[in-house]
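In this chain, residues are counted from 1 in sequence order.
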Amino acid sequence: LEPWRATSADLSLEKYFGDASYVALAVFYKDLENYIRTQTVAYDFTGYTNPDPGIEPVSNIGSFSTPVNDKGGVLRGVEFSTALDFGMMAPALEGFGAQFNASYTESNINPRNSEDSNPALNRLPGLSRDVANLTMYYEKDGFAVRVSERYRSSFRGEVYNLFFSRAYTTVLADRQTDLQVSYDFGEDSRWNGASLLLQVLNLTNSPYRTVQDSNFSGGISQPLEYNEYGRQFLFGVSYKF
């Protein structure tokens, strides 16, 4: 198999202001020369042991599924990102701020190299069209509070199937929220050098949901998995000498 080769280009426009604020807009383009797909090809089985000697094959040429080099395609998109210090707007907002980024990505790479009527089966595995992250924070006088939310639109996931074979499933859109609270004791405190940290991951207990990724009855509207993994609480204490 040949390695993946691509010609890519990136362009970014950025504006910085203040001590901790900026806005940026970026576009990216990647032209993939080739793509590795699993295809069924003709194969010469001469020299292999016949598992059923009582039946003589009509021909030594049979079908064999294997990864092969095939045509590639284009991957392109745009991303917007910003970090804002709200203290620049009004003194009462000192310590408050936000960070945000969002991207839109599209691709014409068809992993199956087919014209299947079900578009979900022709999507590039792992690629979400829309991805966004938002963080709101407050940092002042040793206190730090951050609430972050991540959004990812649905995508075609690659999973292990029976006998560790690769299979595909459609993973539905996911939105996850995390919380972090910390306090750093200052130099005037008898606990100078100590800090406390509390984290809550998956604050809203966002579920992991998949639907049928095949041409079976019901198509991609047929539910497949619904899993809730719960919230995770982490607490830490650190001390610097």
Side-chain angles (χ1 to χ4, degrees), residues 8-30 75-107 126-155 171-209 227-241:
S8 60
D10 299 272
L11 176 64
S12 176
L13 300 176
E14 304 169 2
K15 172 64 177 177
Y16 296 86
F17 45 94
D19 295 329
S21 300
Y22 79 94
V23 292
L25 181 66
V27 293
F28 51 91
Y29 178 90
K30 187 182 296 291
L75 184 73
R76 59 193 174 193
V78 59
E79 179 181 18
F80 172 79
S81 61
T82 183
L84 299 175
D85 178 7
F86 293 166
M88 296 180 57
M89 306 175 189
L93 297 178
E94 183 181 354
F96 290 93
Q99 298 172 335
F100 174 77
N101 69 75
S103 64
Y104 172 88
T105 308
E106 62 181 19
S107 172
L127 176 63
S128 290
R129 188 191 67 177
D130 306 309
V131 175
N133 297 275
L134 173 64
T135 297
M136 305 293 294
Y137 67 86
Y138 173 77
E139 295 178 349
K140 190 177 180 181
D141 299 329
F143 286 98
V145 181
R146 303 175 73 89
V147 179
S148 301
E149 183 169 276
R150 171 187 59 80
Y151 171 79
R152 180 177 186 179
S153 62
S154 64
F155 64 96
V171 182
L172 296 182
D174 172 66
R175 190 188 305 271
Q176 182 170 317
T177 303
D178 300 325
L179 170 67
Q180 177 176 298
V181 181
S182 66
Y183 180 74
D184 189 359
F185 293 88
E187 296 180 357
D188 298 333
S189 170
R190 60 179 296 187
W191 301 103
N192 180 30
S195 61
L196 307 175
L197 174 65
L198 172 66
Q199 290 178 298
V200 184
L201 306 181
N202 195 17
L203 183 65
T204 57
N205 193 20
S206 175
Y208 173 81
R209 302 171 299 154
N227 298 321
E228 290 185 354
Y229 296 101
R231 302 169 183 84
Q232 186 175 9
F233 296 85
L234 304 173
F235 178 75
V237 179
S238 63
Y239 186 84
K240 294 184 294 185
F241 293 95

Enter the distance from [X]:[atom1] to [Y]:[atom2] here, rounded to the nearest 0.5 Å.
X	Y	atom1	atom2	answer
Thr105	Phe28	OG1	CZ	3.5 Å
Asn192	Lys240	CG	NZ	9.0 Å
Leu25	Ser81	CG	OG	8.5 Å
Phe86	Glu94	CZ	CD	14.0 Å
Tyr183	Ser195	OH	OG	11.0 Å
Leu198	Phe233	CG	CZ	8.0 Å

Please report the shortest heavy-atom distance between [X] and [Y], naming the atom on each side.
X	Y	value
Asn205	Gly230	OD1-N, 3.0 Å
Asp85	Tyr137	CA-OH, 4.4 Å
Asp174	Pro207	OD1-O, 3.7 Å

**OP:** Could you walk me through whether Asp178 and Arg150 pass the salt bridge (Lys or Arg N to Asp or Glu O under 4.0 Å) test, one step at a time?
**Re:** CA-CA 9 Å; Asp178 300 325; Arg150 171 187 59 80; over 6 Å; no
Check whether the side chains of [X] and [Y] place a donor and an acceptor atom closer than 3.5 Å, and report yes or no.
X	Y	result
Ser206	Gln176	no
Gln199	Arg146	no
Glu106	Tyr104	yes

Original post:
Near Asp19 CG, under 6.0 Å, is it more than 12 heavy atoms from other residues, nucleotides or ligands?
Top reply: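 For Asp19, atom CG is not crowded (no more than 12 foreign heavy atoms under 6.0 Å).
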Within the structure provided, determine whether [X] and [Y] are in side-chain contact (heavy-atom separation under 4.5 Å).
X	Y	answer
Val27	Asp10	no
Phe17	Met88	yes
Leu127	Leu75	yes
Val171	Tyr208	yes
Asn101	Glu79	yes
Leu196	Phe185	yes

Subject >> Expected output: side-chain Ser128 to main-chain Ser153 donor-acceptor under 3.5 Å >> reply: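 Yes; at least one donor-acceptor contact below 3.5 Å.
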Original post:
Just by modelled atom types, is the Ala98 backbone N or O under 3.5 Å from a matching donor or acceptor in the Thr135 side chain?
Top reply: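 Side chain of Thr135 to backbone of Ala98, a donor-acceptor pair under 3.5 Å: no, none is there.
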Original post:
Taking it one step at a time, do Tyr151 and Glu149 satisfy side chain to side chain donor-acceptor pair (under 3.5 Å)?
Top reply: CA-CA 7 Å; Tyr151 171 79; Glu149 183 169 276; over 6 Å; no
**OP:** May I ask you to establish whether Arg152 and Phe155 are in a cation-pi arrangement, using a distance under 6.0 Å from NZ or CZ to the six-membered ring centre and at most 45° from the ring axis?
**Re:**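 Here Arg152 passes the 6.0 Å and 45° test against Phe155.
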Original post:
Does the separation of the ring centres of Phe241 and Tyr239 fall below 6.0 angstrom?
Top reply: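 Yes, they do, as the ring centres are separated by less than 6.0 Å.
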**OP:** Identify which one of Asn133, Val78, Asp130, Val131 satisfies the side-chain contact (heavy atoms from CB on, under 4.5 Å) criterion when paired with Ser103.
**Re:**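 By the side-chain contact (heavy atoms from CB on, under 4.5 Å) criterion, Ser103 pairs with just one of Asn133, Val78, Asp130, Val131: Val131.
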